[in-house]
Amino acid sequence: MAFRLCPMLLPPLIDYHVHIDLYPDYQEVFAECKKQSINTLAVTTTPRAWERNVEMAGGSTNIRVGLGLHPQVVAQFYSEIAIFEKHLARSRFVGEVGLDASSNHYSSFPRQKEIFERVLRLCAEQKGKVLSIHSVRASREVLDLLEKHLLPDRGKAVLHWFSGSAPEAERAVKLGCYFSVNGQTLQKESGCAVLRRLPLTRLLTETDGPFTLTKGKPTRPSDVEGTVVALAALFKMEEPRMRQILNENLQTLES
Ligand code: MN
């Protein structure tokens, strides 16, 4: 009889970048993550949202909450950097932060850089933070600032939904970055080509829900299994093995 892994013994799923507080039924989503033991990083878009998220996570060991100031709302909320500063000592996890040079947000790019640098300096001072980082059309600038202020010794960076070039990915690997991958990246051949060249030891998974869709609906954390299956296929291994690798990566990242 062939040995089969009992589903209960599968290493847990990982959704290392999800905006739980932005789902209309966010209480349900928090409950699902707890019940299914999904290793979750609940990111926030403004520092003001952080405390409520911590409360909702309710001390659950599998739900981490990131203190964030999203580059797409920096124009509106940059003064909340004071709140970010106030909470930072109590939060090991930081995100969503980063840079966005797409046309809708380019006008705030100088301000975004100012805020991102301030965030990185504060994180470097306090050491040991894990950051979930947004970069759209700004991979080079993000890596420049990470190298200048944080990496490799003063904190850890997870590049969320990385869309940079292969040489940029290689530079990020050398700096010690991790990559949280979602289904969207795996749907594009260009995304897969960059992914295939990354060390397996730097991969994590995410949904970026509710901003991505799965079967026409906002992706939920448990839908991340589809991404694990696709990653396993990309790296030519079975799903349980891929889950094991992802959980080992998570452990190393947070150690
Ligand atoms: Mn996001």
Side-chain angles (χ1 to χ4, degrees), residues 13-26 29-30 32-33 38-50 52-54 56-57 63-78 80 84 91 93-106 108-109 112 115-116 119-120 123 129-139 141-142 145-146 156-164 172 177-188 191 195 203-214 217-224 226-227 250 253:
L13 292 169
I14 298 169
D15 186 355
Y16 217 67
H17 184 108
V18 57
H19 300 262
I20 301 186
D21 61 355
L22 300 183
Y23 289 81
D25 62 338
Y26 61 91
V29 181
F30 271 109
E32 281 167 25
C33 290
I38 300 172
N39 272 317
T40 310
L41 175 59
V43 292
T44 55
T45 50
T46 64
R48 206 180 280 282
W50 180 76
R52 176 77 179 124
N53 272 265
V54 169
M56 293 295 303
I63 307 178
R64 304 137 182 83
V65 178
L67 176 64
L69 185 43
H70 196 297
Q72 293 179 352
V73 301
V74 157
Q76 200 182 346
F77 293 109
Y78 66 90
E80 287 200 17
F84 180 95
S91 187
F93 300 94
V94 171
E96 177 166 5
V97 295
L99 295 177
D100 193 314
S102 61
S103 53
N104 286 345
H105 304 285
Y106 196 69
S108 69
F109 201 65
Q112 291 178 39
I115 293 290
F116 188 47
V119 163
L120 294 176
C123 290
K129 308 288 186 195
V130 177
L131 287 72
S132 181
I133 293 169
H134 173 111
S135 68
V136 171
R137 297 193 180 182
S139 301
E141 287 91 340
V142 161
L145 294 180
L146 284 172
K156 298 203 181 164
V158 182
L159 303 179
H160 132 72
W161 201 335
F162 180 76
S163 57
C177 294
Y178 286 70
F179 300 80
S180 57
V181 176
N182 66 44
Q184 240 73 10
T185 309
L186 283 153
Q187 274 170 22
K188 285 194 193 157
L195 276 182
L203 297 180
L204 294 169
T205 48
E206 61 157 57
T207 60
D208 202 18
F211 295 115
T212 56
L213 297 178
T214 299
K217 288 187 190 155
T219 308
R220 295 178 86 85
S222 59
D223 292 324
V224 82
T227 299
L250 179 62
L253 167 70

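Any value given below was found using the heavy atoms of this structure, including those in side chains, with hydrogens, waters and symmetry copies removed. When a ligand or atom number is given, it counts from 1 through the structure's own listing order. Residues: numbered from 1 along the sequence shown.
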So, 2.8 Å as the limit: is an N/O/S atom of His17 located closer than that to the Mn ion (ligand 1)?
yes
For the residue pair His17 / Glu96, report whether a side-chain donor-acceptor contact shorter than 3.5 Å exists.
yes
How is the N/O/S atom of Glu96 that comes nearest to the Mn ion (ligand 1) named?
OE1
Among Thr214, Asn182, Asp15, Thr227, find the one that has a side-chain hydrogen bond (donor to acceptor under 3.5 Å, both in side chains) with Thr219.
Thr214
Checking His19, His70, His134 against Val43 for side chain to side chain contact (heavy atoms under 4.5 Å, CB included), the one that qualifies is His19
Below 2.8 Å, any N, O or S contact between His19 and the Mn ion (ligand 1)?
yes
Compute the ring centroids of Tyr26 and Tyr23, then answer whether they are less than 6.0 Å apart.
no
Asp208: which N/O/S atom is nearest the Mn ion (ligand 1)?
OD1
